[in-house]
Asks: 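The structure follows.
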Amino acid sequence: MLGQRWLSRCSFARVVILGMLMLVTVVSGCAARHPEKTPPATAPQSSAPSSEASASKPPRPSTGVRQAPATPGEYTEQGVASWYGPQFNGRRTSDGEVYDMYQLTAAHRTLPFNAVVRVTNLTNGKQVNVRINDRGPFVANRIIDLSYAAAEAIGMVGPGTAEVRLDVMAGPDPNVGFFGVQVGAFQVKENAERLQRQLSVRYTPVTIMEFDSPNGVYYRVRAGRLPSEAAARELASQLEQQDGTVALVVRLDE
């Protein structure tokens with residue numbers, strides 16, 4: 001009995017000692033390992049360049065266009081106004097907007113986009129302010145195409161046209177930019193290219209502008225790139241005298 005008790009006690013001591021050794025081994029192993037760290041999410045890059053990056057970029061070349069605003073009363077024009085509505089509603093205007101005939105906007109051949117123009121109906125004295133966002137009208141005896149809302153405001157929806165006076169009230173300087181002369185518009189591209197070749201002998205540059213209208217695609221032939229509207233009018237007069245064509249001065253939008 002004493003021998004068995006002694007053996008039991010020895011076995012128990014061995015078990016205790018073995019357990020302690022295993023515990024020390026586990027603790028030592030844990031202390032030697034480093035937990036993996038989840039890498040932080042990449043921070044979003046700022047859209048603004050750093051000062052070093054900005055300094056390394058060459059300066060933007062000057063466009064030569066003055067940023068001075070228009071002076072009210074400096075630019076006036078008198079002639080016939082027309083209006084355009086449902087057929088063009090929802091289509092893109094020349095400045096890329098979607099035409100909404102219920103907004104107070106207008107099309108003009110030479111005034112810069114976003115010019116604010118006061119239109120006075122000389123028949124009844126009614127006035128409305130419109131913003132230029134389109135090009136036209138491409139008819140010799142008309143100076144502006146009003147939206148339906150603007151035409152309604154000055155009482156010319158029924159008649160369709162009216163004698164008006166235009167006064168630029170705000171917006172970019174209307175005297176700054178490049179101008180050319182439109183000498184024809186064709187639905188057959190080959191006809192436009194033929195006229196381009198004929199005019200290129202005496203004038204430069206002569207370009208073709210594609211225009212998608214409700215009545216189909218038109219190819220507009222334009223001559224010249226001049227720094228003032230007055231110079232473009234001189235070229236238009238020359239083209240009409242020498243070539244017997246209807247010449248319309250237009251702003252060359254970049």
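Atom set for the values below is all heavy atoms of this structure, side chains included, hydrogens, waters and symmetry mates excluded.
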Asks: Taking atom CG of Leu111 and atom CD of Glu77, what is their separation to the nearest 0.5 Å?
Replies: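 The CG atom of Leu111 sits 6.5 Å away from the CD atom of Glu77.
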Asks: I need the Leu239 CG to Leu199 CG distance, nearest 0.5 Å.
Replies: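 Reported to 0.5 Å precision, the distance equals 6.5 Å.
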Asks: If hydrophobic clusters are built by linking Ile, Leu, Val, Met, Phe, Trp and Tyr wherever their side-chain heavy atoms come under 4.5 Å apart, do Ile143 and Met156 end up in the same one?
Replies: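 Yes: a chain of side-chain contacts under 4.5 Å links Ile143 to Met156.
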Asks: What residues form a side-chain contact (heavy atoms from CB on, under 4.5 Å) with Gln187, not counting sequence neighbours?
Replies: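 So Gln187 forms a side-chain contact (heavy atoms from CB on, under 4.5 Å) with Tyr218.
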Asks: With His108 as reference, evaluate Val117, Val250, Ile132 under the side chain to side chain contact (heavy atoms under 4.5 Å, CB included) test and give the passing residue.
Replies: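 Passing option: Ile132.
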Asks: So which heavy atom on Pro112 is nearest to which on Pro172, and how close?
Replies: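 Residues Pro112 and Pro172, closest heavy atoms: CG-O, 3.8 Å.
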Asks: Among residues at least two apart in sequence or on other chains, which ones pass side chain to side chain donor-acceptor pair (under 3.5 Å) with Asn191?
Replies: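 By the side chain to side chain donor-acceptor pair (under 3.5 Å) rule, Asn191 matches Arg194.
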Asks: With the 4.5 Å side-chain cut-off for hydrophobic clustering, are Leu146 and Tyr102 part of the same group?
Replies: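 Same hydrophobic cluster.
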Asks: Can you tell me how far CZ of Phe178 sits from CD of Glu229, rounded to the nearest 0.5 angstrom?
Replies: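 It comes to 14.5 Å.
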Asks: Over all heavy atoms of both residues, which pair between Ala70 and Pro174 is shortest? Give the atoms and the distance, please.
Replies: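 Taking every non-hydrogen atom into account, CB-CD, 3.8 Å.
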Asks: I'd like to know whether Asp100 forms a side-chain contact (heavy atoms from CB on, under 4.5 Å) with Asn89, so could you lay out the CA-CA distance, the side-chain angles of the two residues, the decisive distance to 0.1 Å, and finally the verdict.
Replies: CA-CA 6 Å; Asp100 182 350; Asn89 200 45; 4.2 Å; yes
Asks: Using the side chain to side chain donor-acceptor pair (under 3.5 Å) criterion, which residues pair with Thr105? Sequence neighbours excluded.
Replies: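 Partners of Thr105 under the side chain to side chain donor-acceptor pair (under 3.5 Å) test: none.
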Asks: Can you list the residues that meet the ring pair (Phe, Tyr, Trp, His ring centres under 6.0 Å) rule with Tyr99, with sequence neighbours excluded?
Replies: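 Here the qualifying residues are Tyr84.
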Asks: Got a sec, which pairs hit salt bridge (charged side-chain N to carboxylate O under 4.0 Å, His left out) with one end in residues 237-253, sequence neighbours left out?
Replies: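 The answer is Arg135-Asp253, Arg202-Asp243.
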Asks: Hey, any chance Ile144 and Leu248 share a hydrophobic cluster, counting ILVMFWY side chains that come within less than 4.5 Å of each other, even indirectly?
Replies: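 No, separate clusters.
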Asks: Taking only residues two or more places apart in sequence, or in another chain, which ones meet Glu152 in a side-chain contact (heavy atoms from CB on, under 4.5 Å)?
Replies: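 With neighbours one apart ignored, the set is Tyr148, Val157.
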Asks: In a table with atom names and distances, give each donor-acceptor pair under 3.5 Å that connects a side chain of residues 160-170 to protein atoms at least two apart or in another chain.
Replies:
unit_1, atom_1, unit_2, atom_2, d
Arg165, NE, Asp167, OD2, 3.1

Asks: Would Val183 and Val246 show up in the same hydrophobic cluster when neighbours are defined by side-chain heavy atoms closer than 4.5 Å?
Replies: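 Different clusters: Val183 never reaches Val246 through Ile, Leu, Val, Met, Phe, Trp or Tyr contacts under 4.5 Å.
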Asks: For Tyr219 and Ala192, which heavy atoms make the closest approach, and how far apart are they?
Replies: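 Tyr219 and Ala192 have their closest heavy atoms at CB-CB, 3.8 Å.
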Asks: Nearest 0.5 Å please: distance from the CZ atom of Arg109 over to the CG atom of Asp145.
Replies: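 Arg109 atom CZ to Asp145 atom CG measures 9.5 Å (nearest 0.5 Å).
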Asks: Please name the pair of heavy atoms, one in Phe179 and one in Thr110, separated by the smallest distance, quoted to 0.1 Å.
Replies: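 In this case the closest contact between Phe179 and Thr110 is CE2-O, 3.9 Å.
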Asks: Is any side-chain heavy atom of Arg92 closer than 4.5 Å to a side-chain heavy atom of Val98?
Replies: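 They are in contact (side-chain heavy atoms under 4.5 Å apart), so the answer is yes.
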Asks: Can you list the residues that meet the side chain to side chain donor-acceptor pair (under 3.5 Å) rule with Ser94, with sequence neighbours excluded?
Replies: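 Once residues adjacent in sequence are excluded, the partners of Ser94 under the side chain to side chain donor-acceptor pair (under 3.5 Å) criterion are Asp134.
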Asks: Please lay out, stage by stage, how Leu235 and Tyr203 fare under the test side-chain contact (heavy atoms from CB on, under 4.5 Å).
Replies: CA-CA 10 Å; Leu235 176 59; Tyr203 307 101; 3.7 Å; yes
Asks: Checking Ala236 now: which residues fulfil side-chain contact (heavy atoms from CB on, under 4.5 Å) with it, not counting sequence neighbours?
Replies: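 Partners of Ala236 under the side-chain contact (heavy atoms from CB on, under 4.5 Å) test: Val181, Ala247, Val249.
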Asks: Please determine whether side-chain contact (heavy atoms from CB on, under 4.5 Å) holds for the pair Val130 and Val119, giving the CA-CA distance in whole Å, both sets of side-chain angles, and the decisive distance to 0.1 Å.
Replies: CA-CA 7 Å; Val130 298; Val119 183; 3.9 Å; yes
Asks: Is there a donor-acceptor contact under 3.5 Å from the side chain of Thr93 to the main chain of Asn133?
Replies: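 Judged by distance alone, yes, a pair lies under 3.5 Å.
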Asks: Donor-acceptor pair, distance only, cut-off 3.5 Å: does the side chain of Ser237 make one with the backbone of Arg233?
Replies: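 Flag not set: sc Ser237 to bb Arg233 has no pair under 3.5 Å.
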Asks: Name each donor-acceptor pair under 3.5 Å that joins a side chain in residues 220-227 to protein atoms two or more places apart or in another chain, with its distance.
Replies:
unit_1, atom_1, unit_2, atom_2, d
Arg222, NE, Gln182, OE1, 3.1
Arg222, NH2, Gln182, OE1, 3.1
Arg225, NH2, Glu254, OE2, 3.0

Asks: Identify, with sequence neighbours excluded, every residue that meets side chain to side chain donor-acceptor pair (under 3.5 Å) alongside Arg131.
Replies: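 Partners of Arg131 under the side chain to side chain donor-acceptor pair (under 3.5 Å) test: Glu97, Asn114.
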Asks: Please tabulate, for the side chains in residues 204-214, all donor-acceptor contacts under 3.5 angstrom to protein atoms that are two or more places apart in sequence or on a different chain.
Replies:
unit_1, atom_1, unit_2, atom_2, d
Ser213, OG, Asn215, N, 3.1
Ser213, OG, Gly216, N, 3.3
Ser213, OG, Gly216, O, 2.7

Asks: Give me the one residue out of Thr120, Thr123, Val128 that meets side chain to side chain contact (heavy atoms under 4.5 Å, CB included) with Ile154.
Replies: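 By the side chain to side chain contact (heavy atoms under 4.5 Å, CB included) criterion, Ile154 pairs with just one of Thr120, Thr123, Val128: Val128.
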Asks: In Å, rounded to the nearest 0.5 Å, how long is the span from OG of Ser147 to CH2 of Trp83?
Replies: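 Output value for this atom pair is 9.5 Å.
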